[in-house]
Amino acid sequence: MAIELHDTLTRTRKTLVPSDGQTYRFYCCGPTVYGPAHIGNFRAFVAQDVLRRVLETDFLAHTAADAPPIVLKHVRNITDVDDKTIRTSQERGETLTAFTQRWTEKFHTDCAALNCLTPDVEPRATAHIPQQVALVENLLAGGFAYVGGDGSVYFKVSACSHYGELSHLDRDQLQTQTENSAGQANDADEYDRESVSDFALWKAHKPEDGDNQWPGPKNPATGESINGRPGWHLECSAMSTAYLGESFDLHGGGVDLCFPHHENEIAQSESASGQRPFCHHWFHNAHLMVEGKKMSKSLGNLYTLEELDAQGYSAQAVRYVLINGHYRSQLNFTFNGLTAAASALAKLEKALKPILDIIGMTPEEFRELCGKPSAMTVTGMFVRAWEHLSDDLNVPGALGDIFSCVGDLNDPSYSKSAIVGQLRSLAGLLYCLGLELYTTPEAPIVEAPEHVIQLAAQRWEAKQSRDFTAADALRAEIQAAGWIVLDRKDGYDLSPA
RNA sequence: GGUGCGGUAGCCAAGUGGUAAGGCCCGGGUCUGCAAAACCUGUAUUCGGCGGUUCGAUUCCGCCCCGCACCUCCA
């Protein structure tokens, strides 16, 4: 079955197929590395990860036997130069390179914890200056750009007839906005650019940029190189073209990037290449709210994975929360929800364990099965879940099906071979969702201290002689020592509190 | 002002022109001296409000109320 996904540009659902019939090429806007990414950032990356896993599975399963397999090529950039990276690195007294390198590594660590697959290419903006400069020169030569009053190069929006198509914003309306979303005045300096809508392609060097400058495009008027740095939108156009070509399959990002970022990317890329579409499908995820409010530094609700981990919430639970709301709906992140996610995952593990036992599969074996893409065709009861995933990535619907089916699977009338088949389908689905079960190793058997062992023995004796007052007192004493005693039918277990 | 999204049980969240998946929490039960665990089980006559279309609407249409997001450097 084909995967269908909503496309922002056409506002319709479209089937995902590689436009060249061989390689599905997609680009996602990656992080700006000036600090740890927060869970809102990760909603986008996790949503893209699920899409990638679903596509991978679909292509594996539906490539004709005699045809070369359809492969995916996933590119996600690292923005390592912009106002924030420059400013913050200077505040820390670090070079831009060292500073962004550090946060890039942190980003990788977090992605791994969230079980996000690594993109095939992860290009950095500063490593692709020549490509960006070439793009600007191309636009200058084509009459799509000009050098502004401040020496920076701007894109001339009026030269792009279909500008605004993606975000469906009326160009006349754009000019009425006087504040940006941060409540700051749009300090559009009309002396520098011809129109407020025009955006910077290349920013001429300013003293506050320090050493962070590169030889830029040649000023057509003087023939001299404009030293400076790339504008925000430029890198994505240049790097997507470099790795995926002038026209590729899908472009993803948070809904906020729709305008102006992606709109500007389209304008730049299509003007430069003369090719439309720049991209066949636009994939935008809605924002994450925190406890009913927009995340912001001033509200102090920008949670990072590290902070949540410190509070005892696993990255797996975070991932579950992030995917258990449809990607196009706003998701309200709450600690209540995080707890619920952890409980749900634990329930899945518990419910599955006896089923695995029936066929003699260990949890570790099952985890491995879930860890790799399979050419499986989802069959049997789990088909409904796959249909949900195929239908605009309906993860909440699929999860509901998974829970229902796992419950149904615990039926003695199923043969072992039937169970094996069903579990394969389930593993394939869990791979798509990127949910890892049984990651927490069995709690190591810790030997209780001698005095606790003795207390427990005394309590057992008291209990056997039905002296419950003494037994309860001893249990309290054991608990005070940091241990919990749990009775079985024929004895008891001691475990750390 | 422009654009878009949404209001479904205590919380979260799917969904459909024919009478509401799933998860969390909670209640009841079995078991237990108690507790925990485990297992079984229950929980929306109802889908923001009011009209309309229809044999029938939560699902389609209209109006209204409420919430949210984006509108030039935020995923």
Side-chain angles (χ1 to χ4, degrees), chain A residues 8 11 28-32 37-48 79 82-84 157 164 167-170 172-182 184 186-188 196-200 203 231-233 252-261 263-264 284-289 292-297 302 320-321 324-326 328-334 336-348 350 354 384-385 388 391 394-407 463 466-469 471-472 475 484-489 492-493 495:
Chain A
T8 311
R11 293 179 178 174
C28 299
C29 290
T32 302
H38 54 71
I39 50 175
N41 300 123
F42 281 116
R43 180 176 198 200
F45 303 132
V46 167
Q48 291 152 8
T79 298
D82 80 323
D83 290 347
K84 294 187 291 286
V157 166
S167 43
H168 305 92
L169 289 172
D170 185 335
D172 296 331
Q173 288 290 336
L174 296 182
Q175 302 188 16
T176 65
Q177 191 71 17
T178 54
E179 289 187 346
N180 67 21
S181 54
Q184 297 159 332
N186 283 334
D187 55 345
V196 196
S197 308
D198 293 352
F199 56 92
K203 295 183 168 185
W232 177 29
H233 319 292
V255 66
D256 54 303
L257 294 183
C258 195
F259 185 87
H261 186 55
E263 197 72 70
N264 292 351
H284 291 109
N285 59 279
H287 270 175
L288 182 73
M289 312 286 286
K293 298 205 170 86
K294 178 177 176 166
M295 285 191 304
S296 72
K297 275 188 181 161
L302 287 178
Y320 189 101
V321 163
N324 198 204
H326 189 90
R328 287 200 286 133
S329 299
Q330 254 176 34
L331 178 65
N332 186 23
F333 178 89
T334 62
N336 195 7
L338 201 47
T339 306
S343 298
L345 281 167
K347 174 175 179 168
L348 204 51
K350 273 183 229 166
R384 279 179 299 163
H388 268 134
D391 179 15
N394 186 346
V395 174
L399 277 168
D401 295 331
I402 287 173
F403 276 96
S404 299
C405 292
V406 167
K463 183 186 163 179
R466 305 192 68 79
D467 182 355
F468 299 123
T469 312
D472 287 348
R475 177 158 60 192
I484 289 175
V485 57
L486 298 174
D487 289 345
R488 297 190 312 265
K489 284 223 188 296
Y492 57 90
D493 292 317
S495 59

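Proteins get letters first, then strands, A, B, ... in listed order; numbering begins at 1 in each. What you see is a predicted model; the values in this text were computed from it and never measured.
- Residues A/V157 and A/D198 come closest through the heavy atom pair N-OD1, 2.9 Å.
- Taking atom CG of A/L288 as the reference point, atom C1' of B/rG6 lies 16 Å away to the nearest angstrom.
- Between A/F199 and A/H233, the two ring planes are perpendicular [angle over 60°; tilted spans 30° to 60°].
- Within the nucleic acid shown, A/R384 has no heavy atom closer than 4.0 Å to any nucleic acid atom.
- Nearest nucleotide to the A/T32 side chain, out of B/rA75, B/rG33, B/rA13: B/rA75.
- Comparing B/rC68, B/rC73, B/rC25 by their nearest atom to the side chain of A/W232 picks out B/rC73.
- Between the C1' atom of B/rA69 and the CD atom of A/Q330 lies a distance of 5 Å, rounded to the nearest Å.
- When distances run from any side-chain atom of A/S329 to the nucleotides B/rG33, B/rA69, B/rA14, the shortest one goes to B/rA14.
- Nearest to the side-chain atoms of A/H388 among the listed nucleotides B/rG15, B/rA75, B/rG33 stands B/rG15.
- For A/L486, the side-chain atoms get nearest to B/rA35 when compared with the rest of B/rA35, B/rC73, B/rC68.
- Side-chain atoms of A/H38 and A/N41 form a donor-acceptor pair, as typed in the model, at a separation below 3.5 Å.
- Distance from the side chain of A/N336 is smallest to B/rC11 among B/rC73, B/rC11, B/rA13.
- Residue A/R11 has a polar side-chain atom (N or O) positioned under 4.0 Å from OP1 or OP2 of B/rG4.
- Residue A/F199 contributes atom CZ, which lies 16 Å from atom C1' of B/rC71 at whole-angstrom precision.
- Of the inter-residue distances, the one linking A/L338 atom CG with A/Y320 atom OH reads 12.0 Å to the nearest 0.5 angstrom.
- Remark: the separation of the P atoms in B/rA21 and B/rU46 is 16 Å, to the nearest Å.
- Between the P atoms of B/rG7 and B/rG48, the separation comes to 7 Å (whole Å).
- An OP1 or OP2 oxygen of B/rC73 is reached within less than 4.0 angstrom by no side-chain nitrogen or oxygen of A/K84.
- For A/K347, taking side-chain heavy atoms from C-beta onward, the closest of the listed nucleotides B/rA14, B/rC34, B/rG23 is B/rG23.
- In terms of position on RNA chain B, the residue among A/A471 and A/R328 whose nearest nucleotide sits closer to the 5' end is A/R328.
- Residue-level contact check: A/D256 touches the bases, meaning some heavy atom is under 4.0 Å from a base atom.
- Contact annotation for A/D401: no contact, since no heavy-atom pair falls under 4.0 Å across all strands.
- For the residue pair A/R11 / A/H168, a side-chain donor-acceptor distance below 3.5 Å is found, with atom types taken as modelled.
- Between B/rC5 and B/rG15, the distance separating the two P atoms is 15 Å to the nearest Å.
- Side-chain proximity of A/Y320 to B/rA38, B/rG23, B/rG33: nearest is B/rG23.
- Here A/H284 lies out of heavy-atom contact (under 4.0 Å) with every strand.
- Contacts of A/G40 with the nucleic acid, taken as non-hydrogen atoms under 4.0 Å apart, include base atoms.
- Here the side chain of A/S197 is nearest to one of B/rC24, B/rA75, B/rU72, namely B/rU72.
- Put simply, OH on A/Y492 is 18 Å from C1' on B/rU32, counting in whole angstrom units.
- Residue contacts shown for A/F403 are limited to sugar-phosphate atoms, with no base heavy atom under 4.0 Å away.
- Closest to the side chain of A/N394, from the set B/rC73, B/rG15, B/rA75, is B/rG15.
- For A/S167 and B/rU3, a side-chain-to-base donor-acceptor distance below 3.5 Å is absent, hydrogens and geometry of angles not being considered.
- B/rC71 and B/rA14 have their C1' atoms separated by 31 Å, with the value rounded to a whole Å.
- Taking the P atom of each, B/rC40 and B/rC24 are spaced 13 Å apart, rounded to whole Å.
- Comparing B/rA13 with B/rG6, their P atoms are spaced 13 Å from each other, to the whole Å.
- Across all strands, A/K463 comes closer than 4.0 Å to base atoms (heavy-atom distances).
- Looking at A/Q330, its side chain never comes within 3.5 Å of a backbone N or O of A/A286 through a donor-acceptor pair.
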